[in-house]
Amino acid sequence: MAACPFGAITMITDREGFAYPRVDPKKCRNCGRCEAVCPMGKHGETQKERLYLGVQAKSDEIRFSSSSGGFFPVLAGYVLRKGGVVFGAAMERDGSVVHRGIQTGDALSSLQKTKYVQSDISGCFSEAERYLDQGRLVLFTGTPCQCQSVRTYLGGGRENLLLADLVCYGTPSPEIWKKYVRELEKRYEGEFSEFRFRDKRHRDNGHTVSVRLGDREYAWPMDRDPFCRVYFRNYMIRPSCHECEFCTVERDSDITMGDFWGIEKVKPQMDDGMGTSLVILHSKKAQEVWNQIRGEFRFFPCLREEILQPRLCGPTVRADQRESFLLLGRFLPIRLAERLAGRWKKT
């Protein structure tokens with residue numbers, strides 16, 4: 001949609017809550033631009049010499065305010081000090097998640113923390129291109145398909161563009177998330193303003209969620225949260241995510257970052273419940289940046305085999321109950337839809 005020079009493409013939301021492009025044949029001129037920028041099937045250099053790291057920010061404040069080991073805010077801080085712009089996903093006060101560019105350290109906190117919600121990336125392509133054309137350093141963070149989309153939109157990598165993608169589980173239905181926000185407001189009788197999917201207050205590697213409604217805050221274990229439960233049961237993930245071709249180490253981004261699951265086996269002395277970041281450096285550019293910021297971390301190099309986790313080996317498996325839940329979820333509270341869908345067994 002962003003690339004079409006004739007405005008022939010609009011995004012239409014289907015009954016499951018996912019947006020898909022629709023082409024207006026009256027406006028389309030068959031220029032092929034939309035197919036040229038499509039990220040599918042255009043990635044994965046297998047012969048690169050990659051570096052694999054486990055990292056923790058030395059600053060306890062940075063680490064506590066991050067979902068994993070604090071790699072992203074340190075990287076973003078470096079870009080901002082260089083006069084650059086950082087793009088990432090931010091949650092608005094109404095619960096919607098949008099991609100935005102920031103240029104000051106004060107705004108950085110809005111891009112921190114995991115959001116298990118598909119972000120609205122519209123508008124970021126042309127904005128990032130404008131900053132790049134001005135010669136400014138741009139860090140773009142997002143899911144691997146979003147980062148690859150930026151790359152193809154720009155016609156390839158640029159020297160002043162740094163792409164940092166995530167180890168992604170899959171994107172849940174935005175409509176189910178919106179519904180859950182409304183349910184929380186009704187249940188606790190307060191206006192939604194913040195939700196943290198990975199709260200570290202219990203030093204449990206972020207297995208707590210918290211929400212602010214009105215002037216009160218509530219927190220509970222992640223496995224007691226209805227939205228997180230149906231997400232990790234694969235009941236509401238976008239269909240294409242179950243066939244994702246980016247669930248591999250071989251990516252064309254500069255950096256991949258995520259949680260270092262299995263740290264208790266690889267480096268048990270660093271497993272303190274406050275999180276460790278997994279970092280993969282794919283490019284020479286990424287390694288040069290790493291050399292500039294490595295002093296701000298405790299880190300250790302590791303082998304490819306030590307960092308592998310399910311979403312670096314293959315996509316999330318589609319649940320048999322997926323369609324049942326998404327149908328029931330349109331009419332019933334999420335807790336009830338989850339319970340009823342869970343009783344359904346494929347024959």
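Numbering starts at 1 and runs along the sequence shown.
When the ring-ring contact (aromatic ring centres under 6.0 Å, His included) test is applied to Phe197, the partners found at least two apart in sequence or on another chain are Tyr116, Trp177, Phe195. With sequence neighbours excluded, no residue satisfies salt bridge (charged side-chain N to carboxylate O under 4.0 Å, His left out) with Asp225. Listed by chain and number, the residues in a salt bridge (charged side-chain N to carboxylate O under 4.0 Å, His left out) with Arg233 are Glu338 (sequence neighbours excluded). Not counting sequence neighbours, the partners of Asp133 by the salt bridge (charged side-chain N to carboxylate O under 4.0 Å, His left out) test are Arg158. For Arg304, the salt bridge (charged side-chain N to carboxylate O under 4.0 Å, His left out) partners are Glu250, not counting sequence neighbours. Here Glu306 pairs with Val266, Cys302, Leu303 under the side chain to side chain contact (heavy atoms under 4.5 Å, CB included) rule; sequence neighbours left out.
The salt bridge (charged side-chain N to carboxylate O under 4.0 Å, His left out) pairs that include a residue from residues 134-148 number zero, where partners must be two or more places apart or lie in different chains. For residues 7-36, the pairs satisfying side chain to side chain donor-acceptor pair (under 3.5 Å) are Glu16-Arg322, with sequence neighbours left out. Residue pairs meeting the ring pair (Phe, Tyr, Trp, His ring centres under 6.0 Å) criterion with at least one member in residues 310-333, sequence neighbours excluded, are Tyr235-Phe325. The ring pair (Phe, Tyr, Trp, His ring centres under 6.0 Å) contacts involving residues 257-278 comprise His207-Trp261, Phe260-Phe300, where partners must be two or more places apart or lie in separate chains.
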N/O donor to acceptor pairs below 3.5 angstrom from side-chain atoms of residues 82-93, sequence neighbours left out:
unit_1	atom_1	unit_2	atom_2	d
Glu92	OE1	Arg100	NH2	3.0
Glu92	OE2	Arg100	NH2	2.9

Please report, to 0.1 Å, the donor-acceptor pairs under 3.5 Å made by any side chain of residues 267-276, with sequence neighbours excluded.
unit_1	atom_1	unit_2	atom_2	d
Asp272	OD1	Arg63	NH2	2.5
Asp272	OD1	Met274	N	3.1
Asp272	OD2	Arg63	NH1	3.1
Asp272	OD2	Arg63	NH2	3.1
Thr276	OG1	Gln56	NE2	2.8

